Amino acid sequence: MAEKPIMLNRLLLLVASLLLTMVATSNADNTVVKNLDIKRYMGRWYQIASFPTLFQPKNAVDTRATYSLNDNGTVNVLNEDWVDGKRQFIQGIAYKADPNSDEAKLKVKFYIPPSIPIFPVIGDYWVLYVDQDYQNAVVGGPTKLFLWILSRKSHIDDATYNDLVEKAKDEGYDVTKLLKTPQSETPPPTTAEEGSSS
Ligand SMILES: *[C@@H]1O[C@H](CO)[C@@H](O)[C@H](O)[C@H]1NC(C)=O
């Protein structure tokens, strides 16, 4: 008889922790940047840290993204990294998920394989934070499986980095999964977008 309240307590605890987990992982608590100035967001961003993904080899270095506005209002996305000294890149298109929303929720579309575009892969790109000067940014998505910390500089100081990590943590991201991206002292020079495919 005495066991009943304990079991009930346990059940309540279980339900409560399940609910908490659901709240913690739901998309609703993501604060996405409103009225992003897309022109100011264009240009080069270095990947300072990210969650590891299947698309990026573990030993990739100097990972960076270069964004430019297309005539039709979409964004040209050029992602580059270097593996064993060899440049790898993929180009895609980013656009607003909902043109009527003021939130910086973008979709990014790549084709696989890049050389023979057959199979489109569409991902979410939510700008969770960008500083006033558009120098540092935190980018995630609804699943919280992806996270990128980006900067205009290839190296940022610890205080700035920790601040950005804290912002991601506040949004419910498991920042213990973050891996810092190795960046050379001097970033590789700008390369022709088309060239050097293998
Ligand atoms: C916009 O322009 C880019 C670059 O020319 C092109 O790749 C893309 O398909 C265009 N998108 C739309 C929706 O017109």
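Quick caveat, the model's predicted, so the values are computed rather than measured. Atoms within a ligand are numbered from 1 in the order they appear, just like the ligands themselves.
The aromatic rings of Y41 and Y134 stand perpendicular to each other, their planes meeting at an angle above 60°, with 30° marking the opposite boundary.
Only the side chain of I93 comes within 4.0 Å of ligand 1, judged by heavy-atom distances.
Close contacts of ligand 1 with T74, meaning ligand atoms under 4.0 Å from a residue heavy atom, involve 1 (C), 2 (O).
Here the heavy atom of the protein found nearest to atom 1 (C) of ligand 1 is N72 ND2, 1.5 Å.
In this structure, atom 9 (O) of ligand 1 has its sub-4.0 angstrom surroundings free of protein heavy atoms. Less than 4.0 angstrom separates atom 5 (O) of ligand 1 from none of the non-hydrogen atoms of the protein.
Selection from N70, V75, N76, D71 by nearest heavy atom to atom 3 (C) of ligand 1 gives N70.
Cluster membership for W82 and I48, using ILVMFWY side-chain heavy atoms within less than 4.5 angstrom, is not shared.
Within the 3.5 Å criterion, the main-chain N or O of P188 finds a donor-acceptor partner in the side chain of R64.
Between K107 and D124 there is a salt bridge, since at least one side-chain N of the basic residue sits less than 4.0 Å from a carboxylate O of the acidic one.
Just one residue in the list T74, V77, N72 forms a side-chain contact (heavy atoms from CB on, under 4.5 Å) with I93, and that residue is T74.
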